[in-house]
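Both backbone and side-chain heavy atoms feed into the values below; hydrogens, waters and symmetry mates do not.
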Amino acid sequence: MTRQLHLSIPTTAAVDPEAGERAKQNGMRRVAHLDPQWSADCDKKIAKFAARGIPFQAADLVEDGLAEPPHPNCWGPRFSAAARAGLIAHVGYTQSKRATVHKSICHQWIGAWAAGGAA
């Protein structure tokens, strides 16, 4: 038998997409420059994998020798910047290959040229 949590007091503002986006952007700004060398190394790995034309995820960059970031939230700004620059395109979600995140869902990327974009 499955039981559901029932709250006797209604909650308000539990769903606010704009607030969620603002929080995401603020968090990405806070970690964007924790380690400029790591960021530069990550950008190079993203470009390398984008050129291959096959789907990839952050775990592939680590497997290829990229050091772990100074904070887990450092990944987002690097992939977002590459996508905004037209280098990569989001192609869906997959389970992470990294044991440290217990196969959680992660973004999967591909070189924009391979996805039909202008890279």
Side-chain angles (χ1 to χ4, degrees):
M1 178 172 164
T2 303
R3 295 180 183 227
Q4 293 182 341
L5 173 65
H6 293 279
L7 302 175
S8 58
I9 301 170
T11 58
T12 59
V15 177
D16 185 344
E18 286 113 17
E21 183 61 27
R22 284 191 304 274
K24 173 185 155 189
Q25 295 302 325
N26 287 337
M28 287 178 26
R29 274 192 295 278
R30 281 195 302 272
V31 299
H33 302 292
L34 285 179
D35 185 342
Q37 186 58 56
W38 181 86
S39 293
D41 293 344
C42 184
D43 292 348
K44 289 177 188 172
K45 291 288 184 185
I46 290 172
K48 175 182 176 179
F49 276 79
R52 292 181 176 175
I54 58 173
F56 67 98
Q57 59 175 270
D60 296 315
L61 280 57
V62 172
E63 187 176 49
D64 195 54
L66 179 65
E68 291 288 341
H71 188 280
N73 292 355
C74 290
W75 291 110
R78 305 311 339 133
F79 282 101
S80 291
R84 279 192 311 274
L87 181 64
I88 59 174
H90 187 256
V91 291
Y93 300 92
T94 189
Q95 287 186 319
S96 176
K97 299 173 186 175
R98 299 173 71 216
T100 56
V101 296
H102 312 286
K103 295 181 86 174
S104 63
I105 299 300
C106 69
H107 292 275
Q108 193 164 6
W109 305 91
I110 195 166
W113 65 270

Test item: W38 and L66 side chains (from C-beta on) under 4.5 Å apart, heavy atoms: yes

What is the distance from atom NZ of K44 to atom CG of L61, rounded to the nearest 0.5 Å? 13.0 Å

Can you confirm whether D64 sits close enough to F49 that some side-chain heavy atom of one is under 4.5 Å from a side-chain heavy atom of the other? yes

Is there a donor-acceptor pair under 3.5 Å between the side chain of W113 and the backbone N or O of A50? yes

Give the ring-plane orientation class for H90 versus Y93, where under 30° counts as parallel, over 60° as perpendicular and anything between as tilted. perpendicular

Answer yes if L87 and I110 sit in the same cluster of Ile, Leu, Val, Met, Phe, Trp and Tyr residues linked by side chain heavy atoms under 4.5 Å apart, and no otherwise. no

Please work out whether the ring planes of F79 and F56 are parallel, tilted or perpendicular, with thresholds of 30° and 60°. tilted

By the definition side-chain contact (heavy atoms from CB on, under 4.5 Å), identify the one residue from K48, R98, K97, R52 that meets it with D60. K97

More than 12 foreign heavy atoms under 6.0 Å from CD of E68: is that the case here? yes

To the nearest 0.5 Å, what is the distance between OG1 (T94) and CD (Q57)? 6.0 Å

Within this structure, what is the OG-CD distance for the pair S96 and Q108, rounded to the nearest 0.5 Å? 11.0 Å

Any heavy-atom pair between the side chains of C74 and L34 that's under 4.5 Å? yes

So do D41 and K45 actually touch side chain to side chain, heavy atoms under 4.5 Å? no

